[in-house]
Enquirer: 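Provided herewith is a single structure, encoded as structure tokens, for subsequent inquiry.
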Amino acid sequence: MKFIDYDRVALTDGFWKEVRSRNAAVSLKNVYRRFAETGRFSAVACVRREDPPHIFYDSDVAKWLEAAAYLQKDYPDAEIRAIIDETVDTIARSQLACGYFNSYYQVYKPDKIFTERTEHELYCAGHLIEAAVALDACGVNGKLLAVMKKYAEYIYDRFYVKRDTGFTTCGHPEIELALVRLYTHTGERKWLTLAQFFIDERGKRAEEIYPTVDRTYDQSHKPVREQTEAVGHAVRALYLYIAMADVGRLTGDDTLVQVCETLFQDIVNKKMYITGGTGSSNVGERFTIAYDLPNQTAYSETCSAIALAFFAERMARIGNKAAYHAVVERVLYNNVLAGESLDGKGFFYTNPLEMHAAFARYARTLPDAPYQPIPERVEVFGCSCCPPNLIRLFAQIGGFAYGEEDGVLYVHQYISSRVSACGCELSVQSEMPFSGKATIGVKGSGRIALRIPVWQSAVSCAVNGAFCVPETRDDYMYFSVEGETCISLDFEMKPRFVYANEKVWADAGRKAVEYGPLVLCAESADNGGDLASVEIPSPDHAEIGAEGGFCVKIPARRLKSDGALYSYLPPAREAFTLVLRPYYTWANRGENDMQVWFL
């Protein structure tokens, strides 16, 4: 499956156009402001200061540059362009003659270059390479590409040719997928060779790791082709799996491809939250054991959800399946969107599925506080990888929508947009995620395939106003079009219960509520306290509301005890109307209790 790049997709109106526009107008500039205030952008000048930068400040700057590159075409901004050019010039001036660039090591540890495996040197290099490719591909600034190719040459010489470095594989994967992007952009085979080298070498020998973790933490516990379970730090794992999928596809390595499929299935069938989040434990930000998905202490890092979306997309490139795009949809509309506030200024690093605000406040008073996710988004973190990661994802959101294979134009995600491919001019007018209606307009002759969402309970389809039953195969509807064609779709969207596997202890005996692609949640701002005691008998009499934004009102009962801590009397059931809202909108009204799973 060949995906149609985001720059060939014109977002027209609707939900995702609003998200992308807000990121261009608000998030990009606000993240720059906070990054500048915290010294991230000044760090790339490689000037010593009393307060040294973090070891991965370069990666924060790089992701911001990448996001800015994607947005310049549709949202040209002279101020942003000036920041891009100045930052690129600064990096170019600061680069060592040999090609090396790292704002931390050049200034503070020049004698330790390529000797400390855990300290993110190649991780930072990878993000800078991705930024350079994006800036060049978007026609914004080609200078950084030359700078990063010189750095990549130095990495190639030291790690692959001379092999004289203090480690072989980076403790945080990223360089691998970045090298694949450099290869596909330049056509220079050596970058694919180097990416494959880093993948092949991982796990072949005991390399330096943090003293507090085991080798599963950075996926170096065994060679990649022997791995069968997703383990360790979730972001590191998924970045590695993305690169493995890329290299497997581009080199025809069927063994590597099959490993990726095994790892993907392990994640989505045993280790993924209903919101599309991954990495359930704060200890090592990691995958743990199968079905360990706690709600209140869910780590579910925003970056790991972003990485899962891209891993699913890479798997679809290898062999298209609607199931991959269903995972992308779940991730985007829930965990990913929850990572950013509705005003575009605040961000979550982690994304719990339950919040007890009083306990969160109490925990913050303790000198050695137990882990508790924060109840409100903030503008910047000490480790602030998620904000620019979100912006660069939203900036290229159109790239998830379409694909082409064997002359057939596929619609994977219903994003209001236009595209030209496979001899057709196609437009999508979508009311998702708040309605299952979409209109597909086509000019030209060819074959069109439209994905059937997993959440629909009925499908209504008309072609040029006439009801039809299309050819259906593998969860896609296929149409032959000629001239001008209008396809009207209505995927019935209504509240429905979702039940977790009985092995998920945290959710046993409980249910969640979905509406189309949206996971819903309840907040105390709408419903008062004691959300854990809420019981929903049935979704059948739910109503859609718009008070304070989209909501679902559903008859429910709250369990009420006689007031004793323990009692021999069963609790009473107090009827009330539960207000549910999309999970991604929670925590936009101050500190709040929140619940996804109900009795």
Enquirer: Relative to each other, are the rings of F394 and W16 parallel, tilted or perpendicular (30° and 60° limits)?
Expert: tilted
Enquirer: If the plane angle is over 60° it's perpendicular, under 30° parallel, otherwise tilted; pick one for H325 and H412.
Expert: parallel
Enquirer: Hey, do the aromatic rings of Y324 and F264 have their centres closer than 6.0 Å?
Expert: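 Ring centroids of Y324 and F264 are less than 6.0 Å from each other.
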Enquirer: Indicate whether any N or O donor in one side chain lies under 3.5 Å from an N or O acceptor in the other, for H185 and D136.
Expert: yes
Enquirer: Closer than 3.5 angstrom, by distance alone: can the side chain of K63 be matched with the main-chain N or O of C385 as a donor-acceptor pair?
Expert: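 Judged by distance alone, yes, a pair lies under 3.5 Å.
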Enquirer: Determine whether the side chains of Q196 and T251 contain a donor N or O and an acceptor N or O closer than 3.5 Å.
Expert: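 T251 and Q196 do not have a side-chain donor-acceptor pair below 3.5 Å.
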Enquirer: Thinking salt bridges, do E130 and R181 make one under a 4.0 Å N-O criterion?
Expert: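 The answer is yes: the pair qualifies as a salt bridge.
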Enquirer: Can you tell me how the ring of F114 sits relative to the ring of Y100, calling it parallel under 30°, perpendicular over 60° and tilted otherwise?
Expert: perpendicular
Enquirer: Yes or no on salt bridge (Lys or Arg N to Asp or Glu O under 4.0 Å) for K112 and E119, after CA distance, side-chain angles and deciding distance?
Expert: CA-CA 10 Å; K112 297 292 186 181; E119 303 305 280; over 6 Å; no
Enquirer: Please confirm whether the backbone N or O of S300 pairs with a side-chain atom of T350, one donor and one acceptor, at under 3.5 Å?
Expert: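 Such a contact is absent between T350 side chain and S300 backbone.
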Enquirer: Donor-acceptor pair, E208 side chain versus F167 backbone, under 3.5 Å?
Expert: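 Answer holds: no.
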Enquirer: For the residue pair N30 / R33, report whether a side-chain donor-acceptor contact shorter than 3.5 Å exists.
Expert: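 Yes - a donor-acceptor pair under 3.5 Å links their side chains.
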Enquirer: When you check the side-chain N and O atoms of E340 and N23, is any donor under 3.5 Å from an acceptor?
Expert: yes
Enquirer: For salt bridge (Lys or Arg N to Asp or Glu O under 4.0 Å), just list the numbers for E285 and R236, CA-CA rounded to whole Å, side-chain angles, deciding distance to a tenth of an Å, and then say yes or no.
Expert: CA-CA 10 Å; E285 304 176 306; R236 297 174 195 238; 5.8 Å; no
Enquirer: Check whether the side chains of Y32 and E37 place a donor and an acceptor atom closer than 3.5 Å, and report yes or no.
Expert: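 No - no donor-acceptor pair under 3.5 Å links their side chains.
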Enquirer: Do D266 and K271 meet the salt-bridge criterion of a basic N to acidic O distance under 4.0 Å?
Expert: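 Result for this pair is yes, salt bridge flagged.
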Enquirer: Relative to the ring of Y333, is the ring of F15 parallel (under 30°), tilted (30 to 60°) or perpendicular (over 60°)?
Expert: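 Answer is tilted, since the angle falls between 30° and 60°.
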Enquirer: Apply side chain to side chain donor-acceptor pair (under 3.5 Å) to residues Y402 and S417 and explain how you reach the verdict.
Expert: CA-CA 10 Å; Y402 303 103; S417 55; 2.6 Å; yes
Enquirer: Could you label the plane-to-plane angle of the F311 and Y241 rings as parallel, tilted or perpendicular, counting under 30° as parallel and over 60° as perpendicular?
Expert: tilted
Enquirer: Do the side-chain N and O atoms of T193 and Y160 include a donor-acceptor pair separated by under 3.5 angstrom?
Expert: no
Enquirer: Using a 3.5 Å distance criterion without hydrogens, assess whether the side chain of R418 forms a donor-acceptor pair with backbone atoms of L11.
Expert: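 Judged by distance alone, no pair lies under 3.5 Å.
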Enquirer: With no hydrogens and no angle check, just 3.5 Å: does a side-chain donor-acceptor pair link N320 and Y476?
Expert: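 Yes, side-chain donor-acceptor contact under 3.5 Å.
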Enquirer: Are any side-chain N or O atoms of Q95 and backbone N or O atoms of G99, one a donor and one an acceptor, separated by less than 3.5 Å?
Expert: yes
Enquirer: Can any side-chain N or O of R377 pair as donor or acceptor with the backbone N or O of Y349 at less than 3.5 Å?
Expert: no
Enquirer: Looking only at the side chains, is there a donor atom on one of Y299 and T278 sitting less than 3.5 Å from an acceptor on the other?
Expert: no
Enquirer: Counting only N and O atoms by type, is there a donor-acceptor contact under 3.5 Å from the side chain of S341 to the main-chain atoms of G346?
Expert: yes
Enquirer: What about the rings of Y104 and Y57, do their centers lie closer together than 6.0 Å?
Expert: no
Enquirer: Begin with the C-alpha distance, continue with both residues' side-chain angles, and end with the deciding distance and a verdict on salt bridge (Lys or Arg N to Asp or Glu O under 4.0 Å) for R117 and E207.
Expert: CA-CA 8 Å; R117 177 176 182 266; E207 295 193 84; 3.7 Å; yes
Enquirer: Is the closest side-chain donor-acceptor distance between D58 and S103 under 3.5 Å?
Expert: yes
Enquirer: Considering only NZ, NE, NH1 and NH2 on the basic side and carboxylate oxygens on the acidic side, decide whether R81 and D85 come within less than 4.0 Å.
Expert: yes
Enquirer: Answer with yes or no after comparing the ring centroid distance for F310 and F400 against a 6.0 Å cut-off, counting only values under it.
Expert: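 When the ring centroids of F310 and F400 are compared, they turn out to be within the sub-6.0 Å range.
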Enquirer: Before accepting this row, confirm whether a basic side-chain N of the pair R317/E405 lies closer than 4.0 Å to the acidic partner's carboxylate O.
Expert: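 Answer for the salt bridge query: no.
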Enquirer: Answer yes or no: is there a donor N or O on one side and an acceptor on the other, between the side chain of S416 and the main chain of S430, under 3.5 Å?
Expert: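 Side chain of S416 to backbone of S430: a pair is present.
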Enquirer: Run T275 and N351 through side chain to side chain donor-acceptor pair (under 3.5 Å) and show every step you take.
Expert: CA-CA 9 Å; T275 55; N351 296 275; over 6 Å; no
Enquirer: Ion pair present between R286 and E301, side-chain N to carboxylate O less than 4.0 angstrom?
Expert: no
Enquirer: If we count only N and O atoms by modelled type, under 3.5 Å, do the side chains of N588 and E376 hold a donor and an acceptor together?
Expert: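 Distance-only check fails for N588 and E376.
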Enquirer: Taking the cut-offs as 6.0 angstrom to the six-membered ring centre and 45 degrees off its axis, would you call K190 and Y156 a cation-pi pair?
Expert: yes
Enquirer: Using the six-membered ring wherever Trp is involved, compare the ring planes of H120 and H172 and label them parallel, tilted or perpendicular (cut-offs 30° and 60°).
Expert: tilted
Enquirer: One pair to check against salt bridge (Lys or Arg N to Asp or Glu O under 4.0 Å): R225 and D253. What are the steps and the verdict?
Expert: CA-CA 10 Å; R225 288 170 181 78; D253 188 332; 2.7 Å; yes
Enquirer: Do we get R40 above F35's six-membered ring, with its NZ or CZ under 6.0 Å from the centre and within 45° of the axis?
Expert: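 So R40 does make the cation-pi contact.
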Enquirer: Under 3.5 Å, is there a donor on one side chain and an acceptor on the other for R163 and T168?
Expert: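 The criterion, which ignores hydrogens and geometry beyond distance, is not satisfied for T168 and R163.
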Enquirer: Side chains of L426 and L409, heavy atoms from C-beta outward: is any pair under 4.5 Å?
Expert: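 Touching, per the 4.5 Å side-chain cut-off.
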Enquirer: Indicate yes or no for a side-chain donor-acceptor contact from N335 to the backbone of V331 under 3.5 Å, with no hydrogens or angles considered.
Expert: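 Not a single qualifying donor-acceptor pair exists.
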Enquirer: Which atom pair, heavy atoms only, marks the closest approach of G126 to A178?
Expert: O-CB, 3.2 Å
Enquirer: Could you tell me whether D343 and R22 have a side-chain N and a carboxylate O separated by less than 4.0 Å?
Expert: no
Enquirer: Assign the ring pair H127 / Y123 to parallel, tilted or perpendicular, where the plane angle (0 to 90°) is split at 30° and 60°.
Expert: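 Correct class here is perpendicular.
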Enquirer: Decide if the gap between the ring center of F159 and the ring center of F197 is smaller than 6.0 angstrom.
Expert: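 No, too far apart.
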